[in-house]
There are 2 protein chains.
Amino acid sequence: MMENTTLTDKQQELIEKTGVMLETKGWQPAVARIMALLLVDDSGELTFDDIRNSLQLSKSATSNGIQLLLNTGKIEYITKTGDRKRYFRSRISMFRDMIIAEHEKRKEMTALLKEIYEMREDFKNKKLANNLKDIINYMDLLNEEFPKILEKWEKMKKQ
Amino acid sequence: MMENTTLTDKQQELIEKTGVMLETKGWQPAVARIMALLLVDDSGELTFDDIRNSLQLSKSATSNGIQLLLNTGKIEYITKTGDRKRYFRSRISMFRDMIIAEHEKRKEMTALLKEIYEMREDFKNKKLANNLKDIINYMDLLNEEFPKILEKWEKMKKQ
DNA sequence: TTTTTAGTTCTGCAAATAGAGAACTAAATT
DNA sequence: AATTTAGTTCTCTATTTGCAGAACTAAAAA
């Protein structure tokens, strides 16, 4: 037991870089490292203790991190008959999900801006209102194009 | 002095909603409220004390918040001859800037994923590597389309 | 020249976050 | 029946964050 816990320098580096990137997205450090490890890992099946040892995390941090990533659909695991361990791997579709979530967020923001715009329309300062309108148009454009890009990609995949 | 500090209920509501939205983007609460206030404000010229009173913030929080927003180009101010006060307003282009920044971030993420992919290519697990390749293609597509949308918008504005 | 105005900067604290470590649990092994 | 495995959950603490309040400053007004 305990193969697989040695990472190359390059892997180590990529885990930290990816970890930092995810931290800037608001992820907590340990969770970001677990995610990064599972993205970089080639075996596709790391156990609880592999993760714990590779990242030098406490059991609680490992457990909570794994739980959080499972609950949000970022990772998954397989099991093997006659073996109580879980073998974790990243769900690569998480990136697609993340991008779609960002898109949804942008739509919300657009809706909010529209509310602000409509309120401002009633007031006197037309110039400010018009600047806002410009941005709303831009966001609308983005919101329209986004699903199209998604479609284009789905088609591309099928070929 | 001290006109302009009374907000309508609708404005109050929009400030809080916008504030919360900005908090989810990682902004600190007080800064998010100042930004929201200046987005919602129709006068286009709120003073330090207007902001302080409208949001019931301490002087330090107001000062630091304003400073941060000025430094990051999110707001600006005008002055009036024979008047020491600064009159603040939102730089509406901040939204465009924010979206472009998100785009840059996505490009960084794509580059990182490519690094991970290239590393994985050397290893045995081709299936995982291929899934990753799919996502990279998708991100590349997005990265290509993004500038085009921006251009389209710029043209639209000119008409 | 004293006071007021329009802030900035410093000090300190309350709350939130992040994770370690210990205690616990439930199934499987010995 | 006792121990090991594969975790989970609880308790506690160090660090960070976010902001209030007080002290300070520099220009303008009285």
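These numbers come from a predicted model, not from an experiment.
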**Complete:** Counting primed atoms, P, OP1 and OP2 as sugar-phosphate and everything else as base, the B/S/- map of nucleotides 19-30 of chain D against protein heavy atoms under 4.0 Å is SBB-----BS--

**Value in whole Å for how far the P atom of D:dA6 lies from CG of A:Asp49** = 7 Å

**Asked** Please give, in whole Å, the distance from D:dT4 P to A:Phe48 CZ?
**Response** 19 Å

**Fill in**
Checking B:Arg86, B:Lys85, B:Glu45 against B:Lys80 for side-chain contact (heavy atoms from CB on, under 4.5 Å), the one that qualifies is B:Glu45

**Item:** Gap between atoms CD and C1', on A:Glu23 and C:dA18 respectively (whole Å)
**Value:** 11 Å

**Request:** Round to the nearest Å and state the distance from A:Leu46 atom CG to D:dA6 atom C1'.
**Result:** 16 Å

**Asked** Whole-Å distance between C:dG7 P and B:Leu69 CG?
**Response** 15 Å

**Message:** Does C:dG7 have OP1 or OP2 under 4.0 Å away from a side-chain N or O of B:Arg86?
**Reply:** yes

**Request:** Could you go through the ring pair (Phe, Tyr, Trp, His ring centres under 6.0 Å) check for B:Tyr77 and B:Phe88 one step at a time?
**Result:** CA-CA 4 Å; B:Tyr77 63 86; B:Phe88 297 97; 5.6 Å; yes

Side-chain donor/acceptor pairs under 3.5 Å, residues 20-30 of chain B, sequence neighbours excluded:
unit_1, atom_1, unit_2, atom_2, d
B:Glu23, OE2, B:Arg33, NH1, 2.9
B:Glu23, OE2, B:Arg33, NH2, 2.8
B:Thr24, OG1, A:Lys105, NZ, 2.6
B:Thr24, OG1, B:Met21, O, 2.5
B:Lys25, NZ, B:Glu102, OE2, 2.8

**Prompt:** More than 12 non-hydrogen atoms from neighbouring residues, nucleotides or ligands closer than 6.0 Å to OH on B:Tyr117, yes or no?
**Reply:** yes

**Distance in angstrom units between A:Ile66 CD1 and D:dA6 P, rounded** = 13 Å

**Request:** Would you mind reading off the distance between A:Leu55 atom CG and C:dA18 atom C1', rounded to a whole angstrom?
**Result:** 15 Å

**Message:** Are more than 12 heavy atoms, taken from residues, nucleotides or ligands other than B:Gln56, located less than 6.0 Å from that residue's CD atom?
**Reply:** no

**Message:** Tell me the interatomic distance from B:Asp50, atom CG, to C:dT5, atom P, rounded to whole angstroms.
**Reply:** 15 Å

N/O donor-acceptor pairs under 3.5 Å from side chains in residues 61-70 of chain A, not counting sequence neighbours:
unit_1, atom_1, unit_2, atom_2, d
A:Thr62, OG1, A:Ser58, O, 2.7
A:Asn64, ND2, A:Ser60, O, 3.1

